[in-house]
Structure formats: structure tokens, C-alpha cells
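Everything on this sheet refers to the single structure shown next.
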Amino acid sequence: MNERPVVAGLRSWLRPPRAHGEIIEDRTVSFLELFYDLVYVVLIARIAHTLAVDVSWTGVRDFVLVFTLIWIAWLNGTLYHELHGGEDGRSRGYIFVQMLLLVLLSVFAGHATTDTGDGRGFAVVYAVLLVLIGWQWIDVRRQDTPEMRRLATSYILGIVTVAAVVAASALVESNDARLVLWLVAVAMSLTMAVVQSPRFGHALRVTESMAERFGLFIIIVLGEVVVGVAEGLTEADSETLNIVTGLLALGIGFGLWWNYFDFVGRRVPRPGNTIASIWLYGHFPLALSVAAAGAGMVSLIEHADDARPPAGAAWLVSGAVAAAAASLAVVTTTTAAHPGRRLVPYMLLGAGIVSLALAALRPAPWVLVLGLDLTLLGVWVEAFIRHARRGLPIAET
């Protein structure tokens, strides 16, 4: 007896996730994924605002820790949909439930490291989010081959263990003890990811859609540069020097965008599990650094009239640009060899050294940001000249 059309339609609509290795070669990033990433805009904005208010070593430490937890959640959600999701009811349901939890997470994220109540709330919601992600992989495991099931099982056990550590942090009274447990959870997550990713082999290959998705996340954190400049101009007296410093600070975001998307964006890494892992996890310090640079711009713009910027703001912005340049240098080495880009990694490392020198010198805020602008511009100009001499366009279409 044939199934009724509605029953058959529901069965298709709620179909199981794709098993490992069932890669859709011509897949493009969907509107659902873009909607999902918008929630991370809010999360990152919340913690970046907290860092902008507290530009100190403690503030940087807390920002790095919470940003890492957020990035781990984004990575897991992104890879699941890339490898197993689709345009169906099950995939949409999983993503929308994650978004509900992420919105709740944003309520606690801004003061999760300093306020006991917010810290506990963040820990509980984050642990629930990890358990949901673990359940999604259990759903995948049912479709896998015996070999992939073993790998999926170790991954699920790992993520559940991390969730347990984060959940336990909600029970402690001390904020410092809670941060230690979060640091343990981060170390476990990153170690598990680096060790297990190569074992999935072809099933975790970086596709064009994955490269596009990571590029979109870089745009999200670049948005924090714009937010930082706008917030700085709002908080400042809006005098000429504040405005000039703010507009020059935007050039840092432009320079990072220009270098990333001309040398890395939309490009898949060379074949090889190790190369893919370097490409994948090299994006983490890059995204972290860009977001941190945006937070530091608020203080630079507010002190535009000072002969020297606050040491914390100078080191935060310049150090973030240096870290971003170094991360980008590493990621560029994973793409296919290209004579026009041969010196780009070395130029980026040089740009990082110059950025740190500018932080040590601490010139006037407008001079500092102009120096960072020219440093990033120099990387691109060298590559442009190299391309032009070969008759090649620097921007691939």
C-alpha cells in the first residue's frame, strides 16, 4: 500500500542528516546559515563592548576566553550543517533551536567573567548548547559506516565531557575557579578538534562553500571594527582630530579585508588533512584578533587629542593587527602556490613586526592608526606590483 502524500512529504521533510563523506560539491551558503551567523554578530558585539570598556590585561584575558568558547560553538554548528545539513525540516529545527540558545547566551556573555549570576547563566546555557550539538552528531552516527561510527563516538564523548566541565562551573562560587574550568573546557575542545579532525579524512575536506562560510565569519568580526569606530566617535567630543583618527582607524578594517579576501577568501586549501586543519584552525586567531582590534579603537578615538594613546589601547590595537597579520600569513601558506603571492606570508610577518614596533613607540593616536594603515597597505601593494608585472589581476573572480 502506497504512503499517503502528506506522510511521504513529512518523511522527506524530516529526512535524516547526511552521513560523513556525503559531500555536496556544488553547495552554496544558504540563507539559513546567514541567519544563523547573525546571532553571532550580537554575541561578539557584547563581549567586544566589554573589552572596549576595560582595556586591560584582565579584560583581554576574559575576552579571549569567552570569544574562544563562542568560536568553538560557531565552528561546531557550522561544520555540522556543512557536512550533514540541508534544506529540510530537521536541519532548520536544529539551527533554530541553537539560535534560541545563542540569544540566551548573549544575555550573559557581556559580564560572564565578572558577574557570578551571569557567569552561571552563561555556563548553563553553553552546556545545554553543547549537549544539543552532541545529540546532532548522535543523529549522524546512525547513518554512518562502522569506521565513521567509531570516530563519531569519540567526538560525541569528547563534546559531552566538555559540556560536563562547563556545567560544573555553574556550581562553583568563585569567578576565578569558574574561569579555570572554562579554560580547561577550551583546552579540551581545541585539543580534541586538532587531534580528531585529520582522522575524518575526506569527510572533512574544505569545500568552496566552507571557504565561503569562513570568509563570511571574518566579515562578521570586521563589522566590530566599524562598530568600534562608531562607538568611539559617539563617546568622543566629535572634534576634528577625533573624526580624523576614527576614519583612519576604519582603514585598518579595510586593510585587513583587502588582504584577507585577495589572498585567502573563497580559496580552498591544498589537499591534505594537515593542511586543511591549519587552514581551519588558523582562522580562529585571525577572527579573534580582528574583533579585539575593533574593541581597542574606542579608546584610541576617545584619546585622539592626547600626545600619546593609553598604553593598553595602543598595545591592544597594534598587537591585534600583528596577530591578525601573523595568522593570515599562516593561512595563506595553505593555498595553492602562486607566483604573485609568493612573498605575501613574509610581508605579513613583517607587517606584524612593524605593528608591534608602533605599539612600543606609542605615537599620537592618529599617527598610530595611520602607521597601521600603511603597514597593511604595503603588503597588498607589493603583491599588486608582483601580479602586474606578470600581467595577472590580483583579485580573482
Side-chain angles (χ1 to χ4, degrees), residues 44-68 110-111 113-114 176 179 221-222 224-253 255-256 285-328 348-378:
I44 295 171
R46 295 273 292 176
I47 62 173
H49 175 76
T50 301
L51 176 59
V53 173
D54 180 20
V55 182
S56 64
W57 289 115
T58 300
V60 171
R61 178 203 67 187
D62 292 353
F63 174 82
V64 170
L65 181 56
V66 178
F67 184 95
T68 305
H111 301 286
T113 58
T114 55
D176 290 339
L179 296 188
V221 293
L222 281 170
E224 294 307 316
V225 173
V226 179
V227 171
V229 170
E231 188 173 338
L233 290 174
T234 301
E235 296 294 330
D237 297 327
S238 297
E239 296 180 356
T240 301
L241 202 53
N242 298 111
I243 294 172
V244 169
T245 303
L247 295 180
L248 288 173
L250 275 178
I252 295 174
L256 291 170
L286 174 60
L288 170 66
S289 303
V290 175
M297 288 175 185
V298 178
S299 181
L300 281 183
I301 296 169
E302 289 178 347
H303 293 85
D305 290 329
D306 296 353
R308 304 185 79 188
W315 278 105
L316 177 57
V317 174
S318 298
V321 171
S327 303
L328 189 54
L348 284 166
L349 290 176
I353 294 171
V354 172
S355 298
L356 293 177
L358 286 170
L361 292 172
R362 282 174 56 205
W366 73 268
V367 176
L368 176 64
V369 292
L370 177 61
L372 294 172
D373 289 345
L374 295 176
T375 299
L376 292 171
L377 178 63

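Residues: numbered from 1 along the sequence shown. Treat the numbers as computed from the prediction; the structure is a model and nothing was measured.
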### Message
Side chains of F63 and D54, heavy atoms from C-beta outward: is any pair under 4.5 Å?
### Response
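They are not in contact (no side-chain heavy atoms under 4.5 Å apart), so the answer is no.
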### Task
Would you indicate whether the side-chain heavy atoms of S318 and L356 approach each other to under 4.5 Å?
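No, every pair of side-chain atoms sits at 4.5 Å or beyond.
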### Message
I'd like to know whether L372 forms a side-chain contact (heavy atoms from CB on, under 4.5 Å) with L376, so could you lay out the CA-CA distance, the side-chain angles of the two residues, the decisive distance to 0.1 Å, and finally the verdict.
### Response
CA-CA 6 Å; L372 294 172; L376 292 171; 5.6 Å; no
### Task
Output all residues satisfying side chain to side chain donor-acceptor pair (under 3.5 Å) with H49, sequence neighbours left out; order by chain, then residue number.
E231
Quick one: [atom1] on [X] to [atom2] on [Y], what's the gap to the nearest 0.5 Å?
| X | Y | atom1 | atom2 | result |
| --- | --- | --- | --- | --- |
| R308 | L361 | CZ | CG | 8.0 Å |
| L241 | W366 | CG | CH2 | 8.5 Å |
| L51 | R61 | CG | CZ | 12.5 Å |

Taking side chain to side chain contact (heavy atoms under 4.5 Å, CB included) as the test, write out the residues that go with [X], two or more places apart.
| X | value |
| --- | --- |
| T50 | none |
| D62 | T58, T113, T114, L179 |
| L250 | V226, V229, L247, F254 |
| V367 | P363, A364 |

### Whether R362 side chain and P309 backbone form a donor-acceptor pair below 3.5 Å
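Answer holds: yes.
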### Query
Of the non-hydrogen atoms in L256 and A324, which two are nearest, and what is the gap between them?
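Heavy atoms of L256 and A324 come nearest at CD2-CB, 4.0 Å.
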### Task
For L248 and L370, work out which heavy atoms get closest and say how close.
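For L248 versus L370, the nearest heavy atoms are CD2-CD1, 4.1 Å.
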Atom pairs and distances, side-chain donor-acceptor, residues 287-307, under 3.5 Å, sequence neighbours left out:
{"unit_1": "S289", "atom_1": "OG", "unit_2": "P285", "atom_2": "O", "d": "2.6"}
{"unit_1": "H303", "atom_1": "ND1", "unit_2": "S299", "atom_2": "O", "d": "2.9"}

